[in-house]
Amino acid sequence: MEYTPREIEPKWQAWWKAQRTYQVNNDHSKPKFYILNMFPYPSGAGLHVGHPLGYIASDIIARYKRLNGFKVLNPMGYDSFGLPAEQYAIQTGIHPAVSTEQNIARYREQLDNIGFSFDWDREVRTSDPAFYHWTQWIFMQLFQHYYDLDAAKALPVSALVARFEQQGNTGLRAVCDEDTPAFTAADWNNRTEKEQQAMLLKYRLTFPEESYVNWCPAMGTVLSNDEVKDGVSERGGYPVERKLMKQWSMRITAYADRLLAGLDEIEWSDSIKEQQRNWIGRSQGASVKFAVDGHPDAVIDVFTTRVDTIYGATFMVLAPEHELVERLTTPAQRAEVDAYVKWAKSRSELDRMSEAKKVTGANTGAFAVNPFNGAKIPIFIADYVLAGYGTGAVMAVPSGDQRDWNFATSFNLPVTPVLDAQQNLGEVADPTKEGRYINSGMINGLTYEQAIPKLIEYLEANGLGKGKVQYKLRNAVFSRQRYWGEPVPVYWKDDMPYLIAENDLPLILPAIDKYLPTETGEPPLARAEGWKYYSDPAGPGYEYELSTMPGWAGSSWYFYRYMDPHNHSAFCSKEAAAYWKAVDWYIGGSEHAVGHLLYSRFWNHFLFDLGLAPEREYAKKLTNQGMIQGRSSLVFRAKECFYEEYLWIKVLQPFFAAYGPMQIPASKVEESYTYDFAFETNDLVIEVVSWKQTDKIEVIRKAAEADGKRLLVLFNEELADHINQHDITADRIRQALESRDRFFMTEERPKSGQLFVSHDLTLKYSPDCFAKLHVDINMVTDDVLDLQRASQLPMFQHSGFKLNAEGRFTCHFEVEKMSKSKFNVVNPDDMVAQYGADCFRMYEMFLGPIEVSKPWDTKGITGVYGFLRKFWSLYVGEDGQGLPTNEAPAAEELRALHWCIKKVTDDIERFSMNTCVSHFMILTNELRALKCDKRAILEPAVILLAPFAPHVAEELWHRLGYESSVCDAVWPVLNEEYLKADTITYPVQINGKLRGNIEVAAAATPAEIETLVMQQDFVQRNLNDGAVKKFIVVPGRIVNIVV
RNA sequence: GCCCGGGUGGUGGAAUGGUAGACACGCAGGACUUAAAAUCCUGUGACCGUAGAGGUCGUACGGGUUCGAGUCCCGUCCCGGGCACCA
């Protein structure tokens, strides 16, 4: 009886649903295991084959853990707020909630197809008011807390207010805005309500703040960096400007140190941790004040991470925009400096980047005074110092910093070594921290570790500077001028933000007429009619905050909601959180390395401070699945210059080779001639042009007449029409050459518009002749475009195709991200329909390591399908019967089974799913060779396969006579005894080269092995009479003889 | 420029410092078949060769450590990702 996934898969999917097989109840008697996938954004394109990669791997883990006696939480939900639905709403007027609902239904259908063990009773959606109720609630907690540095945690703002009333902010160590003034209790108590609120905003963990955004006036909205290309919006190409706007901000910087330290306690990939470290960008350094010679009132503040090299500072560099440049420049240097500043201003960021190696600068003529040794060092300006970073001033240490070295070398400034370990300073800077200091005053002879504290102590004691920690991390902007996101639970009174009452949550997203900003540039929510907050029903209505939360709000805490998804009184009950604690294994794409994965850690640290999260880090272990990339097909659209090249290469060259003397000059290029083509021995000229440019044709015609030339006009479109038969064009040229007429032009308007050129032909022409365009991969088989179907597409309307010699049109391909816009999305449904879900699951795993990105390719899926059929045939005879026997298995059969148990168990644990599939294939091949029909072998084998191919496993499990689900079976236990063999085959090497194999009793001692090996012919032959220096036996592994 | 990954047959990929290329695809040959498909069997890194003997070379390149290196160390090149005059 055949293996028929189409029949068995729907059957068991229905059975699991009816049996509620995957429902996770609240019985907390078992040990727990929480495995989590990053939830998807339900896009309109549906699920593609890249999505399930991580889901399948985690489903295998979930099922495996369940078979090993764990209570497994394996949930799924949707990150369902987001821009694409809003964009769609703008275009169609369909409410994002409606289109999102449809998309989710589609996703669900596709997910169900693949047979995941998700507990759908726990599904969450970030756009569901019952969910965003708690997103808003957490926002309120952030608003009501500040970060206290002494307590090293978040504390309530109410405690802060009590403190201000008693003692102002003196002695308070808390994270706050840089410009927060010192004030006393009296100051505080004399302030108005509004002033007090304004002061508190400087401390709150979320607060409105003026920040720069990419404002697009034409679209009335703010764009992210990647929506801006070359200063205009990617969509529509409208101008974008930097604009200061009031935005909600999250004081993530308060947690910078803890986010950094927390990385040490979690099992995440090094590259993700490294990216987060770089994003946080902690640098321990010092700020140092340099006096300026002859300017007692001027001080240059410098931040350095290498204060230990300060004695080697032989000059100073200011950014050209630095505020002191004007004052410090001496009259003698004025002209040079002014010119340099002017030049630097004219250069764009891009210019500065592309000429990173070119050293430019100007001397101000002023001198700075080194606070340690009083040395006077010249002050330069140079554009390698940026005004926007740090203080815009650098103490230049050419011996230790390459850019400083480059500058010093080109301006003939001294390079003073500061460490005895520095080398080759004549050729390059040496940033080493090794060795002991020289030429360095008070730190001479010390090491790096000793020098730093001593220098900082001196700076602080003399008021010349201080040790300082600087972060690259900035507070996170939390506002979006958009509709489809969580409303911020805030109303505005007297220009100050206030939280709405907790029992008014959730603040529901109101209906609006259009999903666009208002005419005055306010966010879409300003369109909501009568949307006001009444803190007192009788009082006035206050305006709500009109921006919404960003995409990362809901995803920053959703993993708690799965633990207790229907709770109406808390985001998650303490009891549920105490059981499930943290995610044991989190799986998702690395593109979220610093966005979601850093913000969610921040929220979790905050919730931990409030006693609401059970652990500091919510995800113990994280694996990044690689992307499944798409294989895009591209077509080449001919540009104007193609037709000229085509005419020259394909028509004129062969034509004149046959036609005789009328040679076209080799330099037929347009620049050297008024016409595209002109002949030496004939007064005919040829012009290639689009029929849309009729005015150009007229101009050329007049010019040709004046020159006494006869003109042949060939239309691009005409050439496109006849592109596959160049003799038609050749004929026209011949007729024109032989004719007496002065002007030749086709009378009919050509049919074709654009021309697309087969990939293999494009190689003959220069690459700028073509524009590359994506074409739907469904129109393409083995890179050959289906012309019949393609010509129905709008993009190919009125198009011609230049075919290759076989009369086919081949496409170019590129491997890139799978996305709807690239027309390279492969839908898992088609695969499932053809091969079944089990096969699809196993094939995705078989492709290679989960972590590695690779293009989707179905080559090889037949191998997996063949395996499943063979596996099936071990259990089910041709007549559909053939139940396994209860005979005792042979040693060979047991060995094969237990070898597989060992390998698969190990490999699942180390997330090596591709090799698991190989082991199943090996087991199946061996059992088939042994004609195994023993229950004692076949039953455990089904359990092993169950996490990977649950449908076929369930079917066979029931055929074996069980009534309950294979999901509740017990994972087979490895018995090492069965793996032991009587003999071991040792490879024998001589001087590391393999010379033969020898079979030895497993119990043989190394001495016995040596005796036996030395007796072998092949050994004696290869010794070449050399004396044996050393005889190495690695037990169970290998023998190596050193001669 | 800096940081992090990665370079293994025709292809996807295996390989705790211990027989490089498991498993699969593809390809070639064979069986079955009127034929094809499907299925099954055999072979398949390159080169030399006496061709089912035997040998040489092979994990991007050049060195090194080791009895033994795809694996560890140093240098170079290439590809991918991230950051980018970040002091």
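Below, chain A is the first sequence line, B the second, and so on; all start at residue 1. Everything quoted here is computed from the prediction, not taken from an experiment.
- The side chain to side chain donor-acceptor pair (under 3.5 Å) check on D907(A) picks up R910(A), T915(A), H919(A), with sequence neighbours excluded.
- Of the nucleotides present, G10(B) is the one that pairs with C25(B) by Watson-Crick or G-U wobble criteria, both distances under 3.5 Å.
- Using P as the reference atom, C74(B) and A22(B) are 32 Å apart when rounded to the nearest Å.
- To the nearest whole angstrom, the two C1' atoms, one in A53(B) and one in U33(B), are 39 Å apart.
- Remark: A46(B) base-pairs with U56(B). Criterion, Watson-Crick or G-U wobble with two distances under 3.5 Å.
- Of the nucleotides present, none pairs with C32(B) by Watson-Crick or G-U wobble criteria with both distances under 3.5 Å.
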Residue pair R995(A), Q1016(A): steps toward the side chain to side chain donor-acceptor pair (under 3.5 Å) verdict: CA-CA 11 Å; R995(A) 294 297 173 186; Q1016(A) 301 298 309; over 6 Å; no
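- Distance check on atom P: G9(B) versus A14(B) gives 14 Å, rounded to whole Å.
- Two residues are said to be in side-chain contact when any heavy atoms from C-beta on lie closer than 4.5 Å; D301(A) and K289(A) meet this criterion.
- Partner assigned to U65(B) is none, using Watson-Crick or G-U wobble distances below 3.5 angstrom.
- For M921(A), counting side-chain heavy atoms from C-beta on, the closest listed nucleotide (A24(B), G18(B), U19(B)) is A24(B).
- Straight-line distance between the P atoms of G10(B) and C48(B): roughly 16 Å, to the nearest whole Å.
- For I990(A) and G68(B), the CD1 to P distance is 14 Å, given to the nearest whole Å.
- Contact annotation for D857(A): no contact, since no heavy-atom pair falls under 4.0 Å across all strands.
- The distance between the ring centers of F380(A) and F411(A) falls below 6.0 angstrom.
- In this structure, E844(A) places its CD atom 14 Å from P of G13(B), rounding to the nearest Å.
- Shown here, G12(B) is classed anti by the O4'-C1'-N9-C4 or O4'-C1'-N1-C2 angle, which is more than 90° from 0.
- In this structure, T305(A) and I861(A) both approach RNA chain B, and ranking their closest nucleotides by distance from the 5' end singles out I861(A).
- Here the P atom of nucleotide A24(B) and the NZ atom of K859(A) are 17 Å apart, to the nearest Å.
- Listed candidates were U39(B), C3(B), U19(B). Nearest to the side chain of R869(A) is U39(B).
- Residue R928(A) places its side chain closer to C40(B) than to any other of C40(B), C67(B), U19(B).
- N1040(A) places its CG atom 15 Å from the P atom of U66(B), with the value rounded to the nearest Å.
- When heavy atoms are screened at a 4.0 angstrom cut-off, K870(A) is found touching the sugar-phosphate backbone but no base atom.
- The aromatic rings of F871(A) and Y875(A) sit tilted relative to each other, their planes meeting at an angle between 30° and 60°.
- As rounded to whole Å, 17 Å separates atom P of A22(B) from atom CG of D907(A).
- Atom name C1', nucleotides U59(B) and G6(B): the rounded distance is 13 Å, in whole Å.
- In this structure, F315(A) has its ring center under 6.0 Å from that of F407(A).
- Comparing the C1' positions of C78(B) and A24(B) gives an interatomic distance of 29 Å, to the nearest angstrom.
- Comparing atom distances between the Q989(A) side chain and each of A20(B), A87(B), G12(B) picks out A20(B) as nearest.
- Among the heavy atoms of the strands lying under 4.0 Å from I1032(A) is at least one base atom, whether or not backbone atoms are also near.
- Aromatic ring orientation, F948(A) versus F920(A): perpendicular (interplanar angle above 60°, classes split at 30° and 60°).
- Closest to the side chain of P987(A), out of A87(B), U19(B), G18(B), is U19(B).
- If you measure from atom NZ of K273(A) to atom C1' of C83(B), you get 20 Å, rounded to the nearest angstrom.
- Rounded to whole Å, the separation between the P atoms of A69(B) and C61(B) comes to 15 Å.
- Rounded to whole Å, the separation between the C1' atoms of A60(B) and U8(B) comes to 10 Å.
- Between N925(A) and the phosphate of C23(B), there is no side-chain N or O to OP1/OP2 separation shorter than 4.0 Å.
- Contacts of F846(A) with the nucleic acid, taken as non-hydrogen atoms under 4.0 Å apart, include base atoms.
- Distance from the side chain of L847(A) is smallest for G12(B) among the nucleotides A15(B), G12(B), U39(B).
- Each of C67(B), G13(B), G18(B) was ranked by its minimum atom distance to the side chain of V1042(A); first place goes to C67(B).
- Taking a pair to require two hydrogen-bonding distances under 3.5 Å in either a Watson-Crick or a G-U wobble arrangement, A84(B) remains unpaired.
- For the pair N278(A) CG and G1(B) C1', the interatomic distance rounds to 15 Å; values are reported in whole Å.
- A20(B): no Watson-Crick or G-U partner with both key distances under 3.5 Å is found in any strand.
- In a base pair of the Watson-Crick type (N1 to N3 plus N6-O4 or O6-N4) or a G-U wobble (N1-O2 and O6-N3), with each distance short of 3.5 Å, A37(B) is matched with no nucleotide.
- Using a 4.0 Å heavy-atom distance criterion, K993(A) is classed as a sugar-phosphate-only contact.
- Side-chain atoms of R995(A) stay outside donor-acceptor range of the base of U19(B), with no qualifying N/O pair under 3.5 Å.
- The K1030(A) side chain lies nearest to C67(B) when the options are G26(B), C67(B), U16(B).
- Residues A319(A) and V325(A) come closest through the heavy atom pair O-CG2, 3.7 Å.
- Rounded to a whole Å, the CH2 atom of W405(A) is 23 Å from the P atom of C85(B).
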